[in-house]
Amino acid sequence: MLKSTFTPIFWVFTPKPKSPKLPSRAITSTFINSTPLVRHNASLNPNTPLPPSSAYIHLPFCRKRCHYCGFPIVALGSASTQAHDDPRVSNYIHWLCREISATKVDQPDAKAPLQTVYFGGGTPSLVPPKMVSSVLETLRMKFGLREGAEISMEMDPGTFDAEKMQEMVLLGVNRVSLGVQAFQEELLRACGRAHGLKEVHEAIDVVKSCGVENWSVDLIASLPHQTSDMWEESLRLTIESQPTHVSVYDLQIEQGTKFGRLYSPGKFPMPSEIQSAEFYKMASRMLCDANYNHYEISSYCKSGYECKHNYTYWKNKPFYGFGLGSASFVGGLRFSRPKKVNDYISFVQNLENGLANSSVDGHIHGKDTAMDVVMLSLRTARGLDLKCFQESFGSSVVLSLLEAYKPYVESGLVICLDERRRTIRIDDLNNSFLNKTNTERRVAYIRLSDPEGFLLSNELIALAFGVIDSWKDCPPY
């Protein structure tokens, strides 16, 4: 069953064949004369890699660590709602800007201005606007920033007021991801959140009053002691708030967190897998009934309000990552920075001195690329474009995937579509299987059904990994 860990994108997706789970694994940056640990990977056009047009910026500061959080953060203290004079913040921003400035651009003549910037955390809204301005200006000087670029910021209730929101808007922030998580005071306390329900409603009012049209509400399902009525209430109040985007994450207990010490998945007070599945179905039903498009496993939006930055990941396009623990995908390689502040500062110093390298010599393996493309594509409502996939990897693996998914097409978990994105009936598909070339031409896309297929996405994607892992005529990359 789907267990989205609501892992931020600065962690690297790393598929593992023959495993029913799809964990994220951070890939360590390599230093010259050290053991290479960079993940080789590529987009669908590895021979002509595109320059990145998106950047993820990690601002790790929080008031306190939430009980489910295993991400690299710096806790400033529960009373902190501003960080104007905190040397930990100003020092980090200093090194962050130095990292951006020291980053090598492989194709200076081919670089395109950034089209999306995403400030994630942590709680980026704790950082003073003047420091956010410094980061944006450094990005603009280094890479360029397209006029009207999507600039997103994760913001937590209780960490900003109307004045601060307006300052962020003037800097260019035009998309807000509001970390509500729940609309019940008892659940917020149980999660260790630093805000309460009063701050949630105040934050929503501020975002709307400041004219931020493109904003998202983040919710977490399957929390300890969460009931179906609570989840329905959170969804209802979210819909009534009228955000243009909603992200719904299913909690996974992580080792090393307070929840990891207190609870076991599926055991009381954690919801069972059946209850978690019902939560997911309820979200899909209620949000779709409210005219939100379910465009990705955990993401819903009003028409035209898809998160452009996240589409960079789902389409397996290159992107920069800057800051503590963040990962990049540049030149067909994925790599991440250190997760501890002192190690990160050493990394930046080495980068400036030419002693840190984000790439290593070697060949990109076609199987890794194919796995990434399948995993990322099947997370979306658009699904896997088989024509593009075939052009990159050949027809044999496409036919093997279709054969492997045939029973799931019959059960309704996988949907086959033609070039006009019309569903192919199972009878027509069975007839096509009699002529493999015809099947290859007839089926243009495959996608997972909503919600049943999405719920079993881990198992269905792992099945594709098994097909690709046994692939004998993998093309060299």
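Residue indices begin at 1 and follow the sequence shown.
Looking at Y311, Y56, Y313 one by one, the single match for ring-ring contact (aromatic ring centres under 6.0 Å, His included) with F319 turns out to be Y313.
Residues F389 and V373 have side chains in contact (heavy-atom distance under 4.5 Å, counting atoms from C-beta outward). A heavy-atom distance below 4.5 Å is found between the side chains of Y92 and P60. With contacts defined as side-chain heavy-atom distances shorter than 4.5 Å, the pair L448/S457 qualifies. Counting only heavy atoms from C-beta outward, the side chains of I100 and Y320 never approach each other to under 4.5 Å. Contact annotation: the side chain of V117 never approaches that of M153 to less than 4.5 Å [non-hydrogen atoms, C-beta and beyond]. Looking at P72 and H58, their side chains come closer than 4.5 Å, going by heavy atoms from C-beta outward. A heavy-atom distance below 4.5 Å is found between the side chains of E150 and H309. Residues Y68 and Q181 are in side-chain contact: their nearest non-hydrogen atoms beyond the backbone lie under 4.5 Å apart.
In this pair, Y295 and H245 present their aromatic rings perpendicular. The plane angle is above 60°, beyond the 30 to 60° band.
Few gaps surround CD on E391; more than 12 heavy atoms of other groups in view lie less than 6.0 Å from it. Residue K104 qualifies as open at atom NZ: its count of foreign heavy atoms under 6.0 Å is 12 or below. Within 6.0 Å of NZ in K308 there are 12 or fewer heavy atoms belonging to other residues, nucleotides or ligands. Heavy atoms from other residues, nucleotides or ligands lying under 6.0 Å from CG of N342 number 12 at most.
A salt bridge does not link E296 to R382: none of the charged nitrogens lies less than 4.0 Å from a carboxylate oxygen. Of the charged side-chain nitrogens involved, at least one lies within less than 4.0 Å of a carboxylate oxygen, so that D86 and R88 count as a salt-bridged pair. D156 has a carboxylate O that lies under 4.0 Å from a charged side-chain N of R193, or vice versa, which qualifies the two as a salt bridge. Ion pair E137/R140 flagged as a salt bridge, since at least one NZ, NE, NH1 or NH2 atom sits closer than 4.0 Å to an Asp/Glu carboxylate oxygen.
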Could you go through I93 and L59, starting from their C-alpha distance and side-chain angles, then the distance that decides it, and tell me whether this counts as side chain to side chain contact (heavy atoms under 4.5 Å, CB included)? CA-CA 8 Å; I93 295 297; L59 302 180; 3.9 Å; yes
How far apart are the C-alpha atoms of R337 and L324, what are their side-chain angles, what is the distance that settles it, and do they pass the side chain to side chain contact (heavy atoms under 4.5 Å, CB included) test? CA-CA 6 Å; R337 287 109 185 107; L324 196 69; over 6 Å; no
Go through the steps for R175 and S216 under the test side chain to side chain contact (heavy atoms under 4.5 Å, CB included), then give the verdict. CA-CA 8 Å; R175 184 178 183 277; S216 178; 3.9 Å; yes
Give the intermediate values and the outcome of side chain to side chain contact (heavy atoms under 4.5 Å, CB included) for residues V180 and D218. CA-CA 6 Å; V180 173; D218 291 354; over 6 Å; no
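With rounding to the nearest 0.5 angstrom, the CD atom of Q252 is 12.5 Å from the CD1 atom of I220. Summarising the geometry, atom NZ belonging to K317 is positioned 10.0 Å from atom OG1 belonging to T116; distances are rounded to the nearest 0.5 Å. Between W314 atom CH2 and L376 atom CG the span is 7.0 Å, to the nearest 0.5 Å. Here the NZ atom belonging to K64 is positioned 13.5 Å from the CG atom belonging to L76, to the nearest 0.5 angstrom. One distance of note links CD of E254 with CZ of F259; it measures 12.0 Å at 0.5 Å rounding. Residue M155 holds its CE atom at 8.5 Å from CG of L178, rounded to the nearest 0.5 Å.
When atom types are taken as modelled, the side chain of S53 and the backbone of A112 share no donor-acceptor pair closer than 3.5 angstrom. Looking only at distances, no side-chain donor or acceptor of E154 sits under 3.5 Å from a matching main-chain atom of S177. Within the 3.5 Å criterion, the main-chain N or O of G158 finds no donor-acceptor partner in the side chain of E202. The closest donor-acceptor contact from the side chain of H294 to the backbone of I297 lies under 3.5 Å. Checked by atom type and distance alone, the side chain of E199 pairs as donor or acceptor with a backbone atom of G196 at under 3.5 Å. Of the possible polar contacts, one joining the T244 side chain to the W215 backbone as a donor-acceptor pair under 3.5 Å is found. Between the side chain of K208 and the backbone N or O of S241 there is at least one donor-acceptor pair closer than 3.5 Å. A donor-acceptor pair is defined here as one N or O able to donate and one able to accept, closer than 3.5 Å; such a pair exists between the side chain of T380 and the backbone of G383.
Across F279 and P271, no two heavy atoms sit closer than the pair CE1-CG, 4.0 Å. The minimum heavy-atom distance between G260 and I253, with the atom names listed, is CA-CG2, 3.5 Å. What you find for L223 and C191 is that their closest heavy atoms are CD2-SG, 3.5 Å. Contact detail for R63 and P157: the closest heavy-atom pair is NH2-O, 3.0 Å. Between V135 and I57 the shortest heavy-atom distance is CG1-CG2, 4.0 Å. Taking each heavy atom of T238 and P243 in turn, the nearest pair found is O-CD, 3.0 Å.
Both the sub-6.0 Å distance and the 45° axial angle are satisfied by R334 relative to the ring of F329. Geometrically, K339 does not engage Y344 in a cation-pi contact defined by less than 6.0 Å to the ring centre and at most 45° from the axis. For the pair R421 and Y445, the cation-pi criterion (under 6.0 Å, within 45° of the ring axis) is fulfilled.
Residues R65 and T257 have side chains that never bring a donor and an acceptor to within less than 3.5 angstrom of each other. The closest side-chain donor-acceptor pair between S303 and N293, if any, does not fall under 3.5 angstrom.
Here A162 pairs with V206, C210 under the side chain to side chain contact (heavy atoms under 4.5 Å, CB included) rule; sequence neighbours left out. Residues that satisfy the side chain to side chain contact (heavy atoms under 4.5 Å, CB included) test with L171, not counting sequence neighbours, are P129, V132, S133, L136, M168. Looking at residues two or more places apart in sequence or on another chain, you find a side chain to side chain contact (heavy atoms under 4.5 Å, CB included) between Q349 and W95, I345, S346.
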